[in-house]
Each structure stands twice: as C-alpha cells, then as structure tokens.
Amino acid sequence: LQAYDKAVELKPTDPNNWISMGWALNGQGKYDETLEAFDKAIELKPTEPSYWTARGSALASLGRQNESLQAYDKAIELKPNDPNNWISMGWALNGLGKYNETLEAFDKAIDLKPTEPSYWTARASALASLGRLTESLQAYDKAVELKPTDPNNWISKGWALNGLRS
C-alpha cells in the first residue's frame, strides 16, 4: 500500500494511481477507503467506464446494492458494448434478488461475447435461481463446451444435474 501512497503523492492528478490504490485497499477489505479512491479517479476522469465499474464493485462490497446499480448504469451508458459492464450489472441485480433482470444482463453480455465461458456459468446461475434447471444445465453444458479444461465448469454442471434429480 505504501507504493500506491507514493504514486498518488507524486502524481495525484493521475486517475490510474487512484484506481490502483483503490484496488489495493479493496484487497485489504477497506471498502470505505476503496470507494473514496475510486471516487477520486472518477472526479479526475468521469468518462472512463472502468472507473464506474470499480465504484459499483466497492459499493456492492459495502452492501449498497442499489447505489452499485447506478454506477454500473453509468458504465453501461459510457460503454454499452463492454460485456464486463453487463456482467457486473447482472451480479448486482442478482444480489437484490432480481433474477429476471439478472438474466437479461447476462444474456446481453453473451450477445456481445458468446465465447466467454464465465458468462454462460453466470447465465446458468440466474436460470437456476429462477427454477429453470433444464435451461441452467444447458448453459453449464455450453460453458464446458467452451472451456472443457476448467474443473469449475464441470463441478457446476454436476450441481445442476443434482438439482434436476431432486
């Protein structure tokens, strides 16, 4: 953390220094300070969508889900074709129990980058939350197809199969 403090001290007008500082603080569980660092980066460069996504993450860590949605909305407004913005939005919606909206956000990410297995596992999770277990299994199958060497995809598929048998 001292290195990031020094970077900010030497060049406080560089928003990347504040973002780096924020992630370091986040790693230490200092979420209030994380949010302050991300807000400083946004103050310096409010048009950078990744800073808004970082802000959303910090707010979610603080349990401020509704506010995190606003930050993700801003990131999407600035860069609507970035699937990561949609995934972040989806997980925030998921945390609020808004599973239909979660699924819509994950599907948007898949539309933008259909070859990313983690987007398919996110979709599968949303479908399972909606009780749509057969479709959930199909999404896990797609994740396995895209990345068969990832053991997590196989484990998740196993959980989905167990859910169907219950």
Side-chain angles (χ1 to χ4, degrees), residues 19 22-23 25-35 37-39 41-42 46-166:
I19 288 294
W23 286 121
L25 290 162
N26 187 71
Q28 294 181 358
K30 298 177 180 179
Y31 304 124
D32 285 315
E33 293 175 62
T34 299
L35 181 58
F38 292 160
D39 283 346
I42 289 170
T47 59
E48 174 52 50
S50 67
Y51 298 170
W52 288 96
T53 301
R55 184 176 202 279
S57 176
L59 288 163
S61 295
L62 289 165
R64 294 162 57 182
Q65 297 293 345
N66 286 320
E67 290 176 79
S68 75
L69 291 178
Q70 294 170 357
Y72 296 134
D73 272 336
K74 184 65 176 180
I76 289 168
E77 175 189 317
L78 292 168
K79 195 170 184 183
N81 291 327
D82 183 342
N84 292 316
N85 292 339
W86 290 100
I87 288 294
S88 297
M89 173 66 86
W91 285 120
L93 290 162
N94 188 72
L96 291 169
K98 297 180 177 184
Y99 304 123
N100 284 311
E101 292 174 66
T102 299
L103 181 59
E104 289 173 19
F106 292 160
D107 282 347
K108 182 65 177 173
I110 289 170
D111 289 344
L112 293 167
K113 190 173 181 186
T115 59
E116 175 51 52
S118 67
Y119 299 168
W120 287 95
T121 59
R123 182 179 203 278
S125 175
L127 288 163
S129 295
L130 289 166
R132 295 163 56 181
L133 300 181
T134 300
E135 291 172 88
S136 175
L137 179 59
Q138 292 168 345
Y140 283 126
D141 281 340
K142 185 65 177 181
V144 166
E145 175 190 318
L146 291 168
K147 193 167 185 184
T149 58
D150 185 343
N152 292 319
N153 292 339
W154 289 97
I155 291 168
S156 296
K157 180 179 176 175
W159 283 108
L161 285 168
N162 282 336
L164 280 173
R165 291 186 185 131
S166 300

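Heads up: numbering here begins at 1 and tracks the sequence. All of these numbers come straight from a predicted model, not from anything done at the bench.
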Original post:
Between the main-chain N or O of K147 and the side-chain N or O of N153, is there a donor-acceptor pair closer than 3.5 Å?
Top reply: yes
Subject >> Contacts of type side-chain hydrogen bond (donor to acceptor under 3.5 Å, both in side chains), residue E48, not counting sequence neighbours >> reply: S50
Subject >> S61 side chain vs S57 backbone, donor-acceptor pair below 3.5 Å >> reply: yes
Original post:
What pairs meet the ring pair (Phe, Tyr, Trp, His ring centres under 6.0 Å) rule with one or both residues in residues 105-138, with sequence neighbours excluded?
Top reply: W91-F106
Subject >> Any L69 side-chain heavy atom under 4.5 Å of N66 side chain >> reply: yes
**OP:** With sequence neighbours excluded, give me every salt bridge (charged side-chain N to carboxylate O under 4.0 Å, His left out) pair touching residues 83-101.
**Re:** none
Subject >> Chi angles and distances behind the side-chain contact (heavy atoms from CB on, under 4.5 Å) call for W159, I155 >> reply: CA-CA 6 Å; W159 283 108; I155 291 168; 3.7 Å; yes
Original post:
What distance separates I19 CD1 from R55 CZ, expressed to the nearest 0.5 Å?
Top reply: 11.0 Å
**OP:** For residues L93 and A105, report the shortest heavy-atom separation together with the two atoms involved.
**Re:** CD1-CB, 4.4 Å
Subject >> N/O donor-acceptor pair under 3.5 Å between W86 side chain and D107 backbone >> reply: no
**OP:** Could you tell me the separation between the CG atom of D82 and the CG atom of L112, rounded to the nearest 0.5 Å?
**Re:** 8.0 Å
Original post:
How close do S68 and A60 get, heavy atom to heavy atom, and via which atoms?
Top reply: CB-N, 3.9 Å
Original post:
Which pairs pass salt bridge (charged side-chain N to carboxylate O under 4.0 Å, His left out) with one or both residues in residues 149-166, sequence neighbours excluded?
Top reply: D141-K157
Original post:
Which atoms form the tightest heavy-atom contact between L146 and P114, and what is the distance?
Top reply: CD1-O, 3.6 Å
Original post:
Considering all heavy atoms of both residues, which atom of L96 and which atom of Q65 are nearest to each other, and what is their separation?
Top reply: CD2-CB, 3.4 Å
Original post:
Do the side chains of T53 and N84 get nearer than 4.5 Å, heavy atoms only?
Top reply: no
**OP:** Check salt bridge (charged side-chain N to carboxylate O under 4.0 Å, His left out) between E145 and all other residues, then give those that pass, not counting sequence neighbours.
**Re:** K142
**OP:** Please confirm whether the backbone N or O of A124 pairs with a side-chain atom of S136, one donor and one acceptor, at under 3.5 Å?
**Re:** yes
Original post:
Between CD of Q28 and CD of E33, what distance do you get to the nearest 0.5 Å?
Top reply: 8.5 Å
Original post:
So, for L103 and R132, which heavy atoms are closest and what is the spacing to 0.1 Å?
Top reply: CD2-NH1, 3.6 Å
Name every donor-acceptor pair, under 3.5 Å, that has one atom in a side chain of residues 73-80 and the other anywhere in the protein, sequence neighbours excluded.
| unit_1 | atom_1 | unit_2 | atom_2 | d |
| --- | --- | --- | --- | --- |
| K74 | NZ | E77 | OE2 | 3.3 |

**OP:** Determine the minimum heavy-atom distance between L133 and G163, stating which atoms define it.
**Re:** CD1-O, 3.6 Å
